[in-house]
Amino acid sequence: MPRTPFLWTTDAAQAQMSPMDLYEIAYLAGGRRRVAEVALLALRERGLVTVLGPRVRAERQAADGHPVERALTALCPRGKSVASVLAALAEGPEVAEVRSRLRAAWLLGRHRSRPTAAGRRERAAARASGAWPAYVFDGPPAVPDRLLRRVVQQAQPLPGGLGRSLIRMGRALDRADHRDDDHGGSASCGSACGGGGGGD
């Protein structure tokens, strides 16, 4: 029987043990970006966000969810590009807090934020447990839905300043779309990009 992975934390009095959550495991598997991708995929599975082509829209706020999930739904109440939402979430304080907890538990290195030997053991144990979706460990290529997999893969950050430039362009397009909405316009990529399941 596979063991449950644990996150060790310490205080001045004693060492305490608590189970690792989904986003701590995602960080150990793929860093900040993986945390953002996993949040998007997990929220879509639960019907809290809809992915329409290259855009994501919160259907309702994840009020009782993990701070990372609440942050994602707050980023796209009217719809935004997947690329800009993932980039903003990965750089946000909620993901930084996940990193801080892992560093405090000596599961991440202090400087380069790579898993330590203990972190690698916990990651391996989490994978072996079979309790988490494959995309937590393997990223977008493990997403079963072909259209969704393509959207998330195409939202990958680009090197250097090019990625930041595209994010700024996406934000400008978001503002233009909002102005169109205010004047009765609409945009849709059609039913082929719908947020429903189904895949390969």
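The model shown is predicted, which means the values in this text are computed figures rather than measured ones. We use all heavy atoms of the structure for the numbers below, so side chains are in, but hydrogens, waters and symmetry mates are not.
Rounded to the nearest 0.5 angstrom, W132 CH2 and R123 CZ are separated by 16.0 Å. Atoms CZ and OG1, on R44 and T50 in that order, are 8.5 Å from each other to the nearest 0.5 Å. Going from atom CG of L41 over to atom CZ of R46 covers 12.0 Å, rounded to the nearest 0.5 Å. Atom CD in E94 sits 10.0 Å away from atom CG in L72 (nearest 0.5 Å). Atom OG of S129 and atom CE of M20 lie 10.5 Å apart (nearest 0.5 Å). We find the CG-CD distance between L86 and E91 to be 11.5 Å, quoted to the nearest 0.5 Å.
Nearest approach of L89 to A71, heavy atoms of both residues: CD1-CB, 3.7 Å. Across every non-hydrogen atom of Q61 and A74, the tightest pair is OE1-N, 3.5 Å. Between V56 and C76, the shortest heavy-atom contact is O-CB, 3.5 Å. Shortest non-hydrogen contact noted between P140 and V152 is CG-CG1, 3.6 Å. When all heavy atoms are compared, the tightest approach of A26 to V38 is CB-CG2, 3.9 Å. Annotation for A36 and A90: closest pair CB-N, 4.1 Å, computed over non-hydrogen atoms.
Using a cut-off of 4.0 Å between Lys/Arg side-chain N and Asp/Glu carboxylate O, E59 and R57 are scored as salt-bridged. At a threshold of 4.0 Å, the pair D64-R70 does not count as salt-bridged, since none of the basic side-chain nitrogens sits closer than that to a carboxylate oxygen. The existence of a salt bridge linking R101 and D21 is confirmed by a sub-4.0 Å separation between a basic side-chain nitrogen and an acidic carboxylate oxygen. A salt bridge is absent between R34 and D138: the closest approach of a Lys/Arg side-chain nitrogen to an acidic carboxylate oxygen does not fall below 4.0 angstrom.
Proximity of E37 to Y135: side-chain heavy atoms (C-beta onward) are nowhere separated by under 4.5 Å. A 4.5 Å side-chain heavy-atom check between L108 and P115 finds at least one atom pair inside the cut-off. Side-chain contact between L102 and E24 is present, with heavy atoms from C-beta onward closer than 4.5 Å. Looking only at side-chain heavy atoms (C-beta outward), F137 and I25 come within less than 4.5 Å of each other.
Between the side chains of Y23 and E69, at least one donor-acceptor pair of N or O atoms lies under 3.5 Å. S113 and R103 share a donor-acceptor pair across their side chains, judged by distance under 3.5 Å alone.
No more than 12 heavy atoms of other residues, nucleotides or ligands lie within 6.0 Å of CZ in R114, so this atom counts as exposed by the packing criterion.
Using a distance-only test at 3.5 Å, with no hydrogens or angles considered, no donor-acceptor pair links the side chain of T73 to the main chain of A58.
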Derivation of the side-chain contact (heavy atoms from CB on, under 4.5 Å) call for L107 and Y27: CA-CA 10 Å; L107 298 179; Y27 202 113; over 6 Å; no

Derivation and outcome, side-chain contact (heavy atoms from CB on, under 4.5 Å), residues E45 and D145: CA-CA 11 Å; E45 289 177 351; D145 186 307; over 6 Å; no

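When each of V82, V85, V151 is paired with L40, the side chain to side chain contact (heavy atoms under 4.5 Å, CB included) condition holds for V82 and for no other.
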